Engineer: 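To start, I am sharing the structure in question, which I have written as C-alpha cells.
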Amino acid sequence: MPQDEITSPGSLENVARTVTLLSVVAPVFEEADNLVEFHRRTMAALEGLPVELILVDDGSNDHSADLLAELAAADRRVMVVTLSRNFGHQAALTAGLDHASGNVVVMLDADLQDPPELIPQMLDRWRAGVDVVYAVRTARAGESRTKLASSRAFYSVFEKLASLDLQRNSGDFRLFDRRALDVLLSMRERNRFLRGMSVWIGFTQTAVPYERDARHAGESKYTTRRMLSFSLDAISSFSHVPLQIATLLGFIVSGVAFLGIPVAIGLKIAGAFVPGVTSVLLAVLLIGGIQLITVGLIGEYVGRIYDEVKARPLYVVEKVLNAETRAGGNSRERSAGRT
Ligand code: UDP
Ligand code: MG
C-alpha cells in the first residue's frame with residue numbers, strides 16, 4: 001500500500017474542516033535542554049493557527065519544571081500539566097490528551113525527534129477528511145543499532161501475534177480528529193499501547209512519511225528493560241496467541257509421550273530396550289521447562305488483569321498551569337473526574 005494512500009476512503013466527508021483549536025501534546029521527562037527549542041520550533045511551524053501546546057511534566061528531576069513554568073508564564077498558549085511522579089511515556093501522553101480541548105489534536109515527543117514542521121502536512125490530510133493521521137518513519141537518525149534491531153524484532157513478532165494492522169515504523173507521532181480522540185480516550189486500560197489503540201479505533205486513517213531526526217539533546221529514556229516491558233504490554237493487550245501457544249505446546253508434548261509408549265513396548269519386545277536415566281532426565285527437564293514457561297506466560301496476563309481490576313487512575317495530576325486561560329474548561333473537569 002502506498003504510504004500516503006487513504007486506507008478506508010468510504011467515510012470521507014465533503015465538508016472542509018477548519019481548525020477551531022489545535023492541541024499539541026508532548027510528554028516531558030527531563031528534557032531541559034530541548035524544551036525552549038521545542039517550543040520555538042513548534043510555535044513557528046504552526047504560525048497563524050489557533051494553538052494550545054500541552055506539555056506534560058512526567059516527574060522530571062532536572063530543571064524542566066522551572067523551564068516549563070517560564071514558558072507558561074511567557075506564552076499563555078502553553079498549558080503545563082505536572083504529574084505527581086514519573087508515570088511513563090504512555091500515561092503522560094494520555095494525561096496530555098485528556099487535557100486537550102482542540103477539535104484536532106497532535107501528539108509528539110518533546111525531544112525534537114518528531115519534527116513539528118510535519119504538523120501542517122498532517123493537518124492537510126485531516127482537512128481532507130482523514131480522522132487519524134500517523135507519521136511513519138522512513139529513516140531513523142541517531143538511534144543505536146540495538147534499538148533499531150529490537151524495534152524490528154518487536155514489529156515482526158507483533159505482526160505475527162496480533163490481529164491488528166500496525167504500520168511498521170509508525171510511532172506515537174499522530175494526529176486525531178476530536179471524534180477519534182474521544183473514542184481513544186474512552187479506552188482507559190492500564191497497559192497502554194497508544195499506537196495500537198489508535199489503529200484499533202478505526203475511522204479513516206492515513207500515513208505521512210517523515211525522516212526521524214536524532215534527539216536535539218539528552219538521551220533516550222527508554223532503557224532495554226522498559227522497552228521489553230512496553231513490548232510485552234503491547235503484545236498482551238492485542239493478542240491471546242501466547243496463551244494459545246501454551247495449549248499447543250501441551251498437545252505436542254503429550255503427543256510425543258503417547259507415541260513413545262508403543263515405541264518403548266516395541267523395543268522391549270525386540271529386546272533392544274536400554275534402560276537409561278538420561279532419556280528420563282531430559283524428558284523431565286523438557287516438560288518441566290515448558291510448564292514453567294507457560295505458567296510464567298499465564299502469569300504475565302494474570303498480572304495485567306490484576307492491574308486492570310484495581311482500576312487505579314492512569315496518572316495523578318499535581319498541578320496545571322494556564323488551565324484557566326482556555327474556554328470550555330473541560331480539561332480540569334477531566335483531570336479531576338476521570339481515571
Ligand atoms: N518520556 C516521558 N516519560 C518517560 C519517558 C519518556 O514522558 O518516562 C517522554 C520523553 O521526554 C520524550 C518522549 O517521552 O518526549 C519519548 O521518550 P524518549 O525520547 O526517551 O524515547 P525514544 O524516542 O528513545 O523512543
Ligand atoms: Mg526520543
Side-chain angles (χ1 to χ4, degrees), residues 23-42 53-68 71 78-100 106-116 118-119 134-155 158 166 168-174 190-196 210-231 233-234 314-318:
S23 308
V24 178
V25 172
V28 174
F29 179 57
E30 306 189 344
E31 303 285 5
D33 297 333
N34 296 321
L35 281 174
V36 174
E37 181 66 5
F38 174 75
H39 171 260
R40 191 193 64 74
R41 270 178 59 184
T42 308
L53 177 60
I54 302 174
L55 297 167
V56 182
D57 182 359
D58 188 18
S60 303
N61 292 314
D62 61 353
H63 56 286
S64 291
D66 303 331
L67 280 172
L68 286 170
L71 282 176
V78 176
M79 185 201 277
V80 176
V81 179
T82 307
L83 303 187
S84 61
R85 63 167 169 86
N86 179 257
F87 280 87
H89 184 201
Q90 303 285 304
L93 275 174
T94 308
L97 294 174
D98 279 339
H99 284 79
V106 173
M107 58 181 187
L108 79 174
D109 289 351
D111 58 4
L112 287 166
Q113 280 196 284
D114 304 329
L118 194 73
I119 299 175
Y134 50 95
V136 172
R137 306 171 274 222
T138 52
R140 297 171 73 162
E143 289 187 281
S144 69
R145 213 172 281 172
T146 35
K147 172 131 194 178
L148 294 181
S150 59
S151 152
R152 232 187 343 259
F154 165 74
Y155 276 102
F158 188 89
L166 187 67
R168 260 173 193 244
N169 280 320
S170 62
D172 286 320
F173 188 5
R174 276 155 203 265
R190 265 88 215 140
N191 299 297
R192 300 182 85 70
F193 182 52
L194 282 171
R195 59 194 85 161
Y210 79 111
E211 290 187 8
R212 190 159 163 94
D213 296 328
R215 266 180 163 268
H216 177 67
E219 277 173 12
S220 170
K221 312 297 184 305
Y222 270 95
T223 55
T224 314
R225 225 179 100 217
R226 273 188 135 173
M227 294 263 288
L228 197 66
S229 102
F230 186 48
S231 308
D233 274 351
L314 298 177
Y315 56 85
V316 178
V317 177
E318 190 178 310

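First listed ligand is number 1; within each ligand, the first listed atom is number 1. Just the heavy atoms: all of them, side chains too, but no hydrogens, waters or symmetry mates, feed the values below. Keep in mind it's a predicted model, so treat the numbers as computed, not measured. Start at 1 with the first residue, then count along the sequence.
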Engineer: Other residues, nucleotides and ligands only: do more than 12 of their heavy atoms fall within 6.0 Å of CD on E318?
Structural biologist: yes

Engineer: Measure centre to centre between the rings of F154 and F230, then say whether the value is under 6.0 Å.
Structural biologist: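 Centroid separation for F154 and F230: 6.0 Å or greater.
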
Engineer: Distance from E30 atom CD to K221 atom NZ, nearest 0.5 Å?
Structural biologist: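 Going from the CD atom of E30 to the NZ atom of K221 covers 6.5 Å.
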
Engineer: Regarding atom 7 (O) of ligand 1: of the candidates S64, P27, A26, G171, which has the closest heavy atom?
Structural biologist: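 Nearest heavy atom to atom 7 (O) of ligand 1 lies in P27.
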
Engineer: Starting from atom 20 (O) of ligand 1, what is the nearest protein heavy atom, named by residue and atom, and what distance separates them?
Structural biologist: K221 N, 2.5 Å

Engineer: One residue to check: R226. Relative to ligand 1, which of side chain, backbone, both or neither has a non-hydrogen atom less than 4.0 Å away?
Structural biologist: side chain

Engineer: Just wondering, do V81 and V317 contact through their side chains at under 4.5 Å, heavy atoms?
Structural biologist: yes

Engineer: Can you sort out which atoms of ligand 1 are near N86, meaning under 4.0 Å from one of its heavy atoms?
Structural biologist: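 In order of number, 3 (N), 4 (C), 8 (O).
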
Engineer: How long is the straight-line distance from CG of D33 back to CD of E31, given to the nearest 0.5 Å?
Structural biologist: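 E31 CD to D33 CG: 9.0 Å, rounded to 0.5 Å.
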
Engineer: Q113 heavy atoms, cut-off 4.0 Å: which ligand 1 atoms fall inside?
Structural biologist: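 Answer for ligand 1: 19 (O), 22 (P), 23 (O).
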
Engineer: Can you tell me if Q113 has an N, O or S atom under 2.8 Å away from the Mg ion (ligand 2)?
Structural biologist: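 It does; at least one qualifying atom falls short of 2.8 Å.
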
Engineer: Does a side-chain N-to-carboxylate-O contact under 4.0 Å join D109 and R212?
Structural biologist: yes

Engineer: Using 0.5 Å steps for rounding, measure from the NE2 atom of H99 to the OG atom of S23.
Structural biologist: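 Rounded to the nearest 0.5 Å, the NE2-OG separation comes to 12.0 Å.
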
Engineer: Any chance you could lay out the side-chain contact (heavy atoms from CB on, under 4.5 Å) test for Q90 and D233, step after step, and finish with the verdict?
Structural biologist: CA-CA 11 Å; Q90 303 285 304; D233 274 351; over 6 Å; no

Engineer: Give the residue, atom name and distance (to 0.1 Å) of the protein heavy atom nearest atom 18 (P) of ligand 1.
Structural biologist: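 For atom 18 (P) of ligand 1, the nearest protein heavy atom comes out as R215 NH2, 3.5 Å.
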
Engineer: Is the shortest N/O to N/O distance between E219 and ligand 1 below 3.5 Å?
Structural biologist: no

Engineer: Check each atom of ligand 1 against the heavy atoms of K147 and keep those under 4.0 Å away; list them by number with element.
Structural biologist: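 Answer for ligand 1: 22 (P), 24 (O), 25 (O).
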
Engineer: Please test F29 against D111 for side-chain contact (heavy atoms from CB on, under 4.5 Å), starting from the C-alpha separation and ending with a verdict.
Structural biologist: CA-CA 9 Å; F29 179 57; D111 58 4; over 6 Å; no

Engineer: Going by the atom numbers of ligand 1, which of them fall below 4.0 Å from some non-hydrogen atom of G88?
Structural biologist: 3 (N), 8 (O)

Engineer: What residue and atom, counting heavy atoms only, is the protein's closest point to atom 4 (C) of ligand 1, and at what distance?
Structural biologist: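 Here the closest protein heavy atom is D58 OD2, 3.4 Å.
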
Engineer: Identify the protein heavy atom lying closest to atom 21 (O) of ligand 1, giving its residue, its atom name and the separation to 0.1 Å.
Structural biologist: Y222 CD1, 3.2 Å

Engineer: Where is the nearest protein heavy atom to atom 1 (N) of ligand 1: which residue, which atom, and how far?
Structural biologist: F29 CB, 3.6 Å

Engineer: Does D109 bring an N, O or S atom to under 2.8 Å of the Mg ion (ligand 2)?
Structural biologist: no

Engineer: Output the distance between atom CG (L118) and atom OH (Y210), rounded to the nearest 0.5 Å.
Structural biologist: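 Rounded to the nearest 0.5 Å, the CG-OH separation comes out at 8.0 Å.
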
Engineer: Would you check whether A110 has a nitrogen or oxygen atom less than 3.5 angstrom from a nitrogen or oxygen atom of ligand 1?
Structural biologist: yes

Engineer: Report yes or no: is the cationic atom of R85 (NZ for Lys, CZ for Arg) closer than 6.0 Å to the six-membered ring centre of F87, at no more than 45° off its axis?
Structural biologist: yes

Engineer: When rounded to the nearest 0.5 angstrom, what is the spacing between CG in D57 and CG in L83?
Structural biologist: 7.0 Å

Engineer: Please examine the side chains of V56 and L93, heavy atoms only from C-beta on, and report whether any two atoms are closer than 4.5 Å.
Structural biologist: no

Engineer: Would you mind listing which atoms of ligand 1 come within a distance below 4.0 Å of any non-hydrogen atom of E31?
Structural biologist: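 That gives atoms 10 (C), 11 (O), 12 (C), 15 (O) of ligand 1.
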
Engineer: Measure R212 to ligand 1 on non-hydrogen atoms and call it side chain, backbone, both or neither using the 4.0 Å cut-off.
Structural biologist: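 Just the side chain.
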
Engineer: Among all protein heavy atoms, pick out the one at the shortest distance from atom 14 (O) of ligand 1; state its residue, atom name and that distance to 0.1 Å.
Structural biologist: H89 CD2, 3.1 Å

Engineer: Do you know which N/O/S atom name in D111 is closest to the Mg ion (ligand 2)?
Structural biologist: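 Output for this pair reads OD2.
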
Engineer: Who's the nearest protein heavy-atom neighbour of atom 16 (C) of ligand 1, and how far?
Structural biologist: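 Scanning the protein heavy atoms, the shortest distance from atom 16 (C) of ligand 1 goes to D109 OD2, 3.3 Å.
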
Engineer: Would you mind checking which non-hydrogen protein atom is closest to atom 24 (O) of ligand 1, with the distance to 0.1 Å?
Structural biologist: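 Of every protein heavy atom, S220 OG, 2.6 Å lies nearest to atom 24 (O) of ligand 1.
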
